[in-house]
*Asks:* 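Starting off with a structure, shown below.
This is a predicted model, so every value here is computed, not measured. Chain letters run A, B, ... following the sequence lines, proteins first and then strands; every chain starts at 1.
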Amino acid sequence: MNPELLTPGGANVRAVHDAFHGDLLEVSMGPHHPSTHGVFRMIVTLDGERIVKLKPVFGYLHRNHEKLGETVSYLGSMPYTDRLDYLSAMTNNWAYAIAVEKLAGQPVPERAEYVRVILAELTRLLNHTCLAGFLMQDCGCSGTPLMYAFREREKILDLFESLSGSRMMCNYQRFGGCRVDPTPAWVDATRTLVGNYGAFLDEFEALLTGNEIIMARTQGVGVLSAALAINAGVTGPMLRATGVASDLRKSDAYGVYPRFQFRVPLGAHGDVYDRYMVRVLEMRESIRILEQALAGLPGGPIMDPKAKLRGFRPKAGEAYGRIEGPKGEIGFYLVSDGGPNPLRYRVRPPSFINLTVLEDMCLGQTVADAVIILGSVDIVLGEVDR
Amino acid sequence: MSDAPTPPPSPAHQPASLPAITDAERAELRRHGILLTSLQELYTWGNSHSVWPLNFGLACCAIEMIAASMAKFDIARFGSEVFRPSPRQADLLIVSGTVTKKMAPQVVRLWNQMPEPKYCIAMGACAISGGPFKQGYNVLKGIDRFIPVDIYIPGCPPRPEALLHGLVQLQEKIKGFTIKGPDAPRHLQKADAGEYPVPEFGARDLEPPHNPAVWSAPTLVRAEKS
Ligand code: SF4
């Protein structure tokens with residue numbers, strides 16, 4: 001066998017030419033496929049049931065987000081960031097606001113920092129709950145876990161809606177604060193939700209975490225090594241499931257995160273089950289952060305009184321703002337020439353970069369496993385294709 | 001069957017010799033356990049209450065489509081909870097999100113693969129017109145340029161209630177169809193194309209940029225200066 005033709009993936013993987021083999025089967029999954037979480041396409045080459053090659057095809061949802069960001073004003077891009085990762089609009093808003101605030105040297109009042117943390121952690125709850133539901137649907141439990149997840153999602157969305165006016169596309173953060181001040185009633189409602197969320201997680205976990213079928217289906221599937229994850233730039237729960245302690249909330253200490261007590265859950269095997277477990281444990285930590293933030297929420301202005309909304313023109317320069325989003329490091333890189341629009345606007349999309357290791361995780365697995373491996377990456381095509 | 005639609009068939013399709021039965025007479029008969037209906041009523045009634053959507057999400061709006069099928073909004077109340085993964089089993093294409101130029105041929109292909117009778121809902125600003133991304137170079141400015149759209153649901157994203165409302169509107173529309181004549185649905189008309197041309201990506205853009213049979217550029221009428 002020609003060693004140059006060997007593909008990574010261990011002994012059970014055969015060499016593949018790009019040209020079509022007589023005894024290999026090429027299957028195109030997507031762009032319309034219920035398990036691809038949107039319009040994503042995988043061209044999978046199969047040897048029997050085993051995957052010997054996987055070619056992802058992107059771009060079915062390329063909405064020229066970055067180009068549009070250069071043609072509208074700084075504030076005008078804020079609603080577009082909602083539509084990047086449409087399950088976690090609040091964290092996208094925050095990352096973008098941080099980038100612009102860095103560019104303009106804009107301080108943020110303390111109350112706004114607390115509200116941002118509360119909203120980001122609510123978003124994390126929402127995102128991870130939905131992801132667990134979708135992942136279980138990919139495993140074949142169609143319906144029940146997703147129904148439970150969406151029931152909780154509606155409760156969080158009601159909070160978002162009463163605060164920002166929109167369920168999904170919140171467009172809530174501003175440069176130097178937040179758009180509206182949460183009322184005491186809203187804070188109370190959030191407190192109730194956070195107080196009940198632990199019970200929901202207990203119920204959810206009682207159904208799923210120790211479930212024998214789910215363990216058999218997900219353990220040892222789609223293993224990602226820590227070295228490869230670091231080399232590929234994987235971030236977020238995907239990276240932590242491989243056992244690498246990396247969390248921007250700890251290492252960057254942005255916002256008021258240093259004031260809160262929380263742990264960073266780590267996996268040990270880097271398989272699908274660990275990725276699920278890390279997310280569930282992260283939700284428990286999010287509840288702790290939320291409890292502390294709600295207890296310590298200070299008064300004061302929500303918006304820096306000197307912040308300039310109209311005619312906003314930061315001085316020439318560049319800035320990169322990033323936060324720990326639910327899917328990983330979401331960052332915005334902005335170059336300003338002193339005008340009202342960014343000269344260059346670039347998004348660091350966590351799920352796109354996490355997706356680059358998909359083939360490495362899928363090689364040697366069965367085609368049914370590819371579905372749950374993709375589900376465990378937690379992609380949102382709005383962010384992957386932008 | 002007790003809630004079969006009551007409007008009598010329009011007189012144009014009644015044989016001339018039979019006088020049309022009045023609503024009062026029908027109600028009287030129904031009280032005696034006799035249900036009078038026409039094939040047309042039965043057909044549209046059955047059609048309208050079992051609209052099975054295609055399990056097909058495009059972008060953000062798809063999340064609200066999923067939310068509409070979940071416990072809180074429960075699209076099952078309207079007979080449409082059976083999301084089919086295969087276009088061969090689906091009646092309704094919900095275009096739920098941004099259609100890019102790379103995706104447009106696949107959407108038209110899916111539409112061609114669905115068996116008649118089939119309906120299309122354009123959900124959200126993007127599917128209707130390109131929405132917030134209309135200025136971009138890669139976004140189709142409305143799916144109605146290639147396939148016939150029955151119901152438009154504005155919003156970015158439309159709330160799940162809006163989708164349910166759109167579905168009810170579609171059911172009303174189906175109930176208004178006749179089996180023959182000018183009110184017949186598209187697929188029962190002789191002039192129906194059946195297959196819609198799938199656009200190809202040409203040198204610079206989709207070719208053709210729209211299907212002239214279903215869409216033509218609106219003519220601008222300038223207001224007279226008074
Ligand atoms: S209409 Fe709005 S919410 Fe719907 S797909 Fe387009 S951008 Fe997303």
Side-chain angles (χ1 to χ4, degrees), chain A residues 30-41 57-69 71-72 76-77 79-80 82-87 89 126 130 133-134 137 142-144 146-155 157-158 161 166-169 171 380-383 385-386, chain B residues 54-74 76 81 83-87 90 93 96-107 109-111 113-114 124-126 130-140 155-162 201:
Chain A
H32 160 244
H33 190 281
S35 76
T36 53
H37 295 239
V39 280
F40 174 61
R41 183 165 171 222
V57 184
F58 307 106
Y60 289 99
L61 196 57
H62 175 59
R63 304 191 278 196
N64 32 269
H65 176 94
E66 293 181 356
K67 197 70 200 163
L68 282 175
T71 60
V72 296
S77 277
Y80 284 105
D82 290 335
R83 288 153 181 83
L84 269 178
D85 169 1
Y86 31 79
L87 278 175
L126 181 146
C130 287
F134 281 123
Q137 181 150 31
S142 66
T144 314
L146 193 61
M147 287 259 182
Y148 278 48
F150 267 66
R151 185 190 66 195
E152 297 307 308
R153 173 183 182 264
E154 291 296 337
K155 293 179 187 163
L157 287 192
D158 285 348
E161 187 181 10
S166 174
R167 283 156 54 85
M168 279 169 74
M169 308 301 179
N171 181 17
V380 162
L381 264 293
E383 186 179 81
D385 290 340
R386 278 157 292 144
Chain B
L54 181 65
N55 188 349
F56 176 52
L58 274 166
C60 349
C61 284
I63 303 288
E64 290 296 61
M65 182 177 80
I66 298 170
S69 67
M70 289 295 152
K72 184 166 176 187
F73 299 101
D74 195 10
E81 78 280 22
F83 278 80
R84 302 314 301 184
S86 160
L93 177 67
S96 55
T98 322
V99 186
T100 60
K101 288 180 183 166
K102 187 167 177 176
M103 195 61 202
Q106 340 293 337
V107 177
R109 216 169 274 148
L110 282 172
W111 174 253
Q113 287 171 2
M114 286 166 59
C126 283
F133 300 96
K134 185 167 183 150
Q135 270 76 26
Y137 49 83
N138 194 34
V139 172
L140 190 69
C156 182
R159 296 179 58 93
E161 291 99 323
F201 209 86

*Asks:* Tell me, side chain or backbone of Val57(A) under 4.5 Å from chain B's heavy atoms, or both, or neither?
*Replies:*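 For Val57(A), the contact with chain B is made by the side chain alone.
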*Asks:* To the nearest 0.5 Å, tell me how far Thr100(B) OG1 sits from Asp385(A) CG.
*Replies:*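 Between Thr100(B) OG1 and Asp385(A) CG, I get 8.0 Å after rounding to 0.5 Å.
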*Asks:* So, taking the atom named OH in Tyr60(A) and the one named CE in Met103(B), what distance separates them when rounded to the nearest 0.5 Å?
*Replies:* 7.5 Å
*Asks:* I need the Cys126(B) SG to Arg83(A) CZ distance, nearest 0.5 Å.
*Replies:* 8.0 Å
*Asks:* List the steps and the verdict of side-chain contact (heavy atoms from CB on, under 4.5 Å) for Arg159(B) and Arg167(A).
*Replies:* CA-CA 8 Å; Arg159(B) 296 179 58 93; Arg167(A) 283 156 54 85; 3.3 Å; yes
*Asks:* Spell out, as yes or no, whether a donor-acceptor pair under 3.5 Å connects the side chain of Tyr80(A) to the backbone of Pro132(B).
*Replies:* yes
*Asks:* Could you tell me the separation between the CE atom of Met169(A) and the SG atom of Cys60(B), rounded to the nearest 0.5 Å?
*Replies:* 4.0 Å
*Asks:* Given heavy-atom pairs under 4.5 angstrom as the criterion, report whether the side chain, backbone, both or neither of Glu161(A) touches chain B.
*Replies:* side chain
*Asks:* Run the numbers on Met70(B) and Leu146(A) for side-chain contact (heavy atoms from CB on, under 4.5 Å), then give the verdict.
*Replies:* CA-CA 8 Å; Met70(B) 289 295 152; Leu146(A) 193 61; 3.4 Å; yes
*Asks:* Given heavy-atom pairs under 4.5 angstrom as the criterion, report whether the side chain, backbone, both or neither of Met147(A) touches chain B.
*Replies:* both
*Asks:* Pick from Leu54(B), Val139(B), Val99(B), Thr98(B): which one has the most heavy-atom pairs with chain A under 4.5 Å?
*Replies:* Thr98(B)
*Asks:* About how many Å separate CD1 of Ile63(B) and CG of Leu87(A), when rounded to the nearest 0.5 Å?
*Replies:* 4.5 Å
*Asks:* Relative to chain A, which of Ala71(B), Ser86(B), Ala62(B), Cys156(B) shows the most heavy atom pairs under 4.5 Å?
*Replies:* Cys156(B)
*Asks:* Do the two ring centres, one from His62(A) and one from Phe133(B), sit under 6.0 Å apart?
*Replies:* no
*Asks:* Tell me whether Asp158(A) is salt-bridged to Lys72(B), with the criterion being a basic N under 4.0 Å from an acidic carboxylate O.
*Replies:* yes
*Asks:* Check each atom of Phe73(B) against the heavy atoms of chain A and say whether the ones under 4.5 Å are side chain, backbone, both or neither.
*Replies:*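 For Phe73(B), the contact with chain A is made by the side chain alone.
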*Asks:* Could you have a look at Ala104(B), Pro87(B), Ala59(B) and say which one has the most heavy-atom pairs with chain A under 4.5 angstrom?
*Replies:*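 Max contact count across the listed options: Ala59(B).
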*Asks:* To the closest 0.5 Å, what do you measure between OH (Tyr86(A)) and SG (Cys61(B))?
*Replies:*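 Those atoms lie 9.5 Å apart.
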*Asks:* Taking 4.0 angstrom as the limit, do Arg153(A) and Glu64(B) come out as a salt bridge?
*Replies:*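 Yes, this pair counts.
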*Asks:* Hey, is the main chain of Asn138(B) close enough, under 3.5 Å, to the side chain of Asn64(A) for a donor-acceptor pair?
*Replies:* yes
*Asks:* Relative to chain A, which segment of Leu110(B) carries a heavy atom at a distance below 4.5 Å: side chain, backbone, both, or neither?
*Replies:* side chain
*Asks:* Evaluate the criterion side-chain contact (heavy atoms from CB on, under 4.5 Å) for residue pair Gln135(B) and Leu68(A); output intermediate values, then yes/no.
*Replies:* CA-CA 8 Å; Gln135(B) 270 76 26; Leu68(A) 282 175; 4.0 Å; yes
*Asks:* What part of Phe58(A) gets within 4.5 angstrom of chain B, counting heavy atoms only: side chain, backbone, both, or neither?
*Replies:*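 The backbone, not the side chain.
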